[in-house]
Amino acid sequence: MATMTFGRAINAGLRRAMENDPKVVLMGEDIGKLGGVFRVTDGLQKDFGPHRVVDTPLAESGIMGTAVGMAYRGYRPVVEIQFDGFIYPAFDQIVCQVAKLHYRTQGNVKMPITIRVPFGGGIGSPEHHSESPEAYFTHTSGLRVVSVSNPQDAYVMIQQAIASNDPILYFEPKRRYHLKGEVDESVDITATGMGAARVVTEGSDVTLVTYGPLVPTARDAAVAASDDGVSVEVIDLRSLAPIDFATVEKSVRKTGRLVITHEAAQSGGLGAEIAASITERCFYYLEHAPVRVTGFDIPYPYSKLEFHHLPDLDRILDGVDRALGRPNSLSGLEG
Amino acid sequence: MATMTFGRAINAGLRRAMENDPKVVLMGEDIGKLGGVFRVTDGLQKDFGPHRVVDTPLAESGIMGTAVGMAYRGYRPVVEIQFDGFIYPAFDQIVCQVAKLHYRTQGNVKMPITIRVPFGGGIGSPEHHSESPEAYFTHTSGLRVVSVSNPQDAYVMIQQAIASNDPILYFEPKRRYHLKGEVDESVDITATGMGAARVVTEGSDVTLVTYGPLVPTARDAAVAASDDGVSVEVIDLRSLAPIDFATVEKSVRKTGRLVITHEAAQSGGLGAEIAASITERCFYYLEHAPVRVTGFDIPYPYSKLEFHHLPDLDRILDGVDRALGRPNSLSGLEG
Amino acid sequence: MLLNNEADAAQDELVQLIAPNGERRHHPVYDRWVADVDGEALQALYRDMVVIRRIDAEATALQRQGELALWPPFLGQEAAQIGSARALREDDFVFSSYRESGVAYCRGVDLTDLMRVWRGNASAGWDPFAINMAPTQVIIGAQTLHATGYAMGILHDGADSVAVTYFGDGATSQGDVNEAMVFAASYQAPVIFFCQNNQWAISEPVRLQAHVPIARRAPGFGIPSVRVDGNDVLACLAVTREALDRARTGGGPTFIEAVTYRMGPHTTADDPTRYRDANELEDWAAKDPIARLAGLLDAEGLLPAEVSDSVQASADDVAARLREGCISMPEPAAQDVFKHVYSEPNSWLERQQDQYERYLASFESPVSDSSEEASR
Amino acid sequence: MLLNNEADAAQDELVQLIAPNGERRHHPVYDRWVADVDGEALQALYRDMVVIRRIDAEATALQRQGELALWPPFLGQEAAQIGSARALREDDFVFSSYRESGVAYCRGVDLTDLMRVWRGNASAGWDPFAINMAPTQVIIGAQTLHATGYAMGILHDGADSVAVTYFGDGATSQGDVNEAMVFAASYQAPVIFFCQNNQWAISEPVRLQAHVPIARRAPGFGIPSVRVDGNDVLACLAVTREALDRARTGGGPTFIEAVTYRMGPHTTADDPTRYRDANELEDWAAKDPIARLAGLLDAEGLLPAEVSDSVQASADDVAARLREGCISMPEPAAQDVFKHVYSEPNSWLERQQDQYERYLASFESPVSDSSEEASR
Ligand SMILES: Cc1ncc(C[n+]2csc(CCOP(=O)(O)OP(=O)(O)O)c2C)c(N)n1
Ligand SMILES: Cc1ncc(C[n+]2csc(CCOP(=O)(O)OP(=O)(O)O)c2C)c(N)n1
Ligand SMILES: [Mg+2]
Ligand SMILES: [Mg+2]
């Protein structure tokens, strides 16, 4: 067991994957000498050479499209998108090519591409550097989407993503890159699947579902709630497409109440899918409508306002209150 | 009142908008002499000239990006995307520029761009010609999204969209272009807003919500259900972002049951948002969890299989049965 | 110093080895690339062109008869497709658009596979690795990046294969095609950009995409380019061989503009009379690629009746097999709609498939007892 | 005929009117474009460059002191920005990236507005129509299409204004920049593509984006281009004036590659020692744009102490006002987060705003009686 930051854990996972399979190739802007703007690929070009860690021209569609060609040739490209907001020029190649090639060729062409995306806000950046675009991809059939929330998962899941024959969006919560945690590097990555949600803290009154950057916030909220006599079960989804609804369902059947929190805008966000699916699966167990605590339906605001947009501990607790039907700021507005 | 096809009604609406405002300019591939591959712009270049109806180079990001520049210069561009599946190269310009410029400039820069998109399946086309990408845009703050289902709405709403100072995605159900209907060309387009949902047929047992191509199918389903003694209220949303939830809410408070149908894939589709929002708003009125009857989570299949993917009358009726809690194919699987 | 775009006659000249009247033209640079092409080889090229033209005609007929949903004819582009594709080695890899059925034929595609997409029975007609050619690409220009990435993989492997990508004049306006040139030049990847400039992108003339010859684009990216008479099969063969040789020997990418003409509609759904002049078609008919080679063969006594007849018989045979394969294609099963979305199990999809199968089953048998179901 | 990419020395030569040592160089074509630039005008250009360098230094200091969240320095690029921007007319319109604060200064931006984005107080610092310059653009290359569309609008209006777009060497790899050239050439739009090739895109050297000089790219799209010494303010002024004149008189677009150097980090968040050699910086320091013009002025007796002192005083004054405006910027209010998403009312957003305001209010007063709420 070693203590390492989130970013370092991904770096270690990438290194392990590259050691294990010579077909693993990293591609992206500034990932070589610079080690990426977040230093996640630090040292890898030095150790594996510029043919394994490829600095690319400044063109995201180009990166994604050439990664498709590399996959045709038998490689397993791991693409870094420098920031969430720069994934859109590659959107066409992702949704029309990466997502569809396996299906359209009846499995003849595999697309084992991992797309790493530092995402989410909270670091005081200018525009286009704090997006949460995950719902675009969870709605895209043919893709898998995951998000990690701690160094151990980051280490294991980056390797699982690379080992998978399906294309995977791997969302890294950039404001947690410096979060430290224990990482067991000896763990067998094939022992568990990548899809299972994780119960972070057990509880009996309310189920609180989240992923990525808000997992620590949700955990803190559970602690705060417990001081108030409310027992919150926190679930870290880890896989966003598909979602391990069985785990969420089990929890909601126990608690009867569901709160979902994410940074992305509310309308059409992942929270809508979770609320709809859990309502379908647990209708007669629900004591209250699922509650969503999310970013607003606004473009990501400038940084002086970002903490109004981002759900925080208090807003999550407010959501927990709503799910419990306690009188609060929105009492009387719903239901 | 004149009888005209859907496509013709849009053509008439475009013509009227161009007559009324010299700043309205049409841009797209093959929209000039050819009149577009669906002939929606037929005759307009001849009458308004190649500077008002602009055939563009074959590059969607280029079309959208230059439309942004035209809007900066005070124009009101109406962009045609030839088929739904070709909108993705323009995705970056749409979500990062078109959607955000008004917000980021504190309203100084208006983006009165209308993006016309023939969408949906059912016409036996090859790949990329039958997509339903609306949920990507309904999740994008700063955009408005509408879909039309009949010639009259098509005629009115294209003009309303062009007159609006906000950017609007205008989704045209391509398999209905030849549908005929009465069009009252004398209607005052400023008399009604563009956002209101329309109750297509009133009913008391189940609320059936849809939009665009499936509106006629839903209406047929309501007729079939009534033969079976079930009274279905059909709602055509018309505006997909924002959705007129007040109208849906009113209906569901009456019926207690909600079925949503669309062609797009289920997970993360618009149906999820509708189910989640209506559950929030009508929890204590619902007798059953909202039911979704949608396309599957698959890339759009080749045409010999498309009618397995697309919801049809029988699948909608099956959904109605589920919402009614009647024993059917899925009995025992949910709830 | 201002770099301008005034025409440089020498640069824009077409490489031509056979004149429209069938006369053999000599070329200081390109003759050597076809020095080995003897009478037999010329006859083989002729046979190829006649056969693929027949495939095109048969497919068009099948569409008219309702057996195909759509067909994008390549009538007029036979020389560009045969000349380039016959230059390739088996281990080269092709990334084309939707109009390169002639190229697919050269790659050895099964005739039934060639029809699958257009009949609506598949999204990709063939196994790409069986013939080293990616499936048809509808998204304009997307495949040029795939080819470039594949070529980067070839470099990585230290192999001497080449990736070849086909696209149209309209496609040159897409960002992807230009980004592909950036990547190809940056890594000196062994990829050939083969642009069939058939003068039209649906209803848009090439002048809307570019005011200067398309071949001039690539040098600005650091990629050598050549403009070839796309209706001259020998010239197409020669320039492709030169480009392949450059790529195999570490010389990096080449851009080829094959100047040709789409004699038919964009697809069987298109009506070109709405936007183009009949005269233009006539002018190009005079440069017909097959008539041209026939002229050369004739002049050299290489087209006696028995050869003509045998070519005709090949074409008839291929057409018959094509038709037969097309109309006897088995219909897909409902469950196929769920197959191969992922290579690994997916809980969302499994649930949907399960629901749909129960739904379908409900039409066959009465709805089963719900308590039994609940125990599942 | 093969078009290759062998260096054409004449083509790649930089337009230069002032040598690095400050000597005035004569140029057969471009002298006439600056014939009117007298001593006073030269002093004004000098003043501009010194002032914007001071703005850059002050902003960098403000960032180090925690008053700005980020700053992208343009140190070393003063001549490219001043030379080009001072050629513009008020009714021309600029679409830049994030690094053109010197251009914004020329457009007359309010100094506080210049800081807003970087302090985190706005997504766009100024009203674009007040200074005819679009806000900073972070998405690499996106603005080149906006400029081209704006120029199409100018054509439409029959006006003789020009759209000018600034972007970097790295940006030339983006599809959007290449599509912008396609559209600009197709419509012969009055737009100038002003590329500041500052040798780096964050950590990537220009060679990764292009193996040949960037100025060679545009002619292949049918756009004349020119390569200029980007550290020579007079040359930048001259080539921009020529391009503007061409655009105003119906001659269409021009591409300018200004060869310069980013002497600082990519942004204040970057550490260039990780990827670049200190020697390189030294080499370029010898070509410093301000020292160069000072050399010329000095030689011509145009830089007496009172001028130097006055320039220094201007710079001090601007820096003081910049700092004052920056640190006294009012903080935004929570409700601002919801403003201007749409120009028309939006029911989804209104509901969210309403909820959030109640939520905020709940921290101020005890939660109100729910029956009262319910009656709303
Ligand atoms: C991204 C995208 N945009 C638009 C289309 C619609 N479309 C199909 S073919 C075509 C014209 C292509 O012209 P060209 O590249 O010259 O190839 P050709 O058809 O002449 O072989 C267009 C606009 C498409 N398939 N993909
Ligand atoms: C679409 C997109 N991709 C990536 C980035 C991240 N990024 C910001 S600046 C930059 C380098 C730009 O280099 P260049 O165009 O040469 O301009 P310079 O910064 O040198 O002025 C990169 C990669 C971005 N902002 N937008
Ligand atoms: Mg063409
Ligand atoms: Mg640069």
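Keep in mind it's a predicted model, so treat the numbers as computed, not measured. These values consider heavy atoms only, across backbone and side chains, with no hydrogens, waters or symmetry-generated copies. Each chain gets a letter, A, B and so on, in the order its sequence line appears, and its residues count up from 1.
Using a 4.5 Å cut-off between heavy atoms, Gln106(A) touches chain C through backbone and side chain atoms alike. Heavy atoms closer than 4.5 Å to chain C are found nowhere in Asp244(A), neither backbone nor side chain. Proximity to chain C (any heavy atom under 4.5 Å) is shown, for Ala241(A), by both the backbone and the side chain. Ser277(A) does not touch chain C: none of its heavy atoms, backbone or side chain, sits under 4.5 Å away. Interface remark: Tyr75(A) contributes side-chain atoms only to the contact with chain C (heavy atom separation under 4.5 Å). Contacts between Ala67(A) and chain C at a heavy-atom distance below 4.5 Å are absent for every atom of the residue. Heavy atoms of Met27(A) lying under 4.5 Å from chain C belong exclusively to its side chain. At a 4.5 Å heavy-atom cutoff, the contact between Ala159(C) and chain A is made by side-chain atoms alone. When heavy atoms are compared at a cutoff of 4.5 Å, Ser239(A) does not approach chain C at all. Heavy-atom distances place the backbone of Leu143(A), and not its side chain, under 4.5 Å from chain C. Contact annotation for Ile154(C): both backbone and side-chain heavy atoms come within less than 4.5 Å of a heavy atom of chain A. Neither the backbone nor the side chain of Val191(C) comes within contact range of chain A; no heavy atoms are under 4.5 Å apart.
Residue with the most contacts toward chain A among Ala151(C), Pro135(C), Ser186(C): Pro135(C) (heavy-atom pairs, distance under 4.5 Å). Contact count against chain C (heavy-atom pairs under 4.5 Å) is highest for Gly62(A) among Gly62(A), Ala59(A), Pro77(A), Ser164(A). Heavy-atom pairs under 4.5 Å with chain A were tallied for Glu179(C), His146(C), Met152(C); the largest tally goes to His146(C). The most heavy-atom pairs under 4.5 Å with chain A, out of Asp336(C), Leu155(C), Asp157(C), Asp176(C), come from Asp157(C). Top candidate by heavy-atom pairs under 4.5 Å with chain C, chosen from Ile243(A), Val109(A), Val25(A), is Ile243(A).
Residues Thr136(C) and Arg104(A) form a side-chain contact, since some pair of their non-hydrogen atoms from C-beta on lies under 4.5 Å apart. No side-chain heavy atom of Trp126(C) sits under 4.5 Å from any side-chain heavy atom of Asn108(A). Side-chain atoms of Met70(A) and His156(C), non-hydrogen and from C-beta on, do get closer than 4.5 Å to each other.
No more than 12 heavy atoms of other residues, nucleotides or ligands sit less than 6.0 Å from atom NZ of Lys33(A). Heavy-atom neighbours of Glu90(C) CD from other residues, nucleotides or ligands within 6.0 Å: at or below the threshold of 12. Counting non-hydrogen atoms of other residues, nucleotides and ligands closer than 6.0 Å to NZ of Lys23(A) gives a total above 12.
The main-chain N or O of Gly142(A) is found under 3.5 Å from a side-chain atom of Tyr342(C) such that the two form a donor-acceptor pair. One N or O on the side chain of Asp166(A) and one on the backbone of Glu344(C) form a donor-acceptor pair closer than 3.5 Å. Not a single donor-acceptor pair under 3.5 Å links the side chain of His340(C) to the backbone N or O of Thr105(A).
In this structure, the separation between OG on Ser123(C) and OH on Tyr103(A) is 7.0 Å, given to the nearest 0.5 Å. Atom CZ of Arg281(A) sits about 3.5 Å away from atom CZ of Arg351(C), to the nearest 0.5 Å.
Here the closest non-hydrogen pair linking Ala134(C) and Tyr72(A) is CB-OH, 3.5 Å. Between Pro242(A) and Asn346(C), the closest heavy-atom pair is CD-ND2, 3.5 Å. Taking every heavy atom of both residues into account, Asn165(A) and Ser343(C) meet most closely at CB-OG, 3.3 Å. Nearest heavy-atom pair, Gln97(A) versus Ala142(C), reported as atom, atom and distance to 0.1 Å: NE2-CB, 3.5 Å. Between Tyr187(C) and Val54(A), the closest heavy-atom pair is OH-CG1, 3.3 Å.
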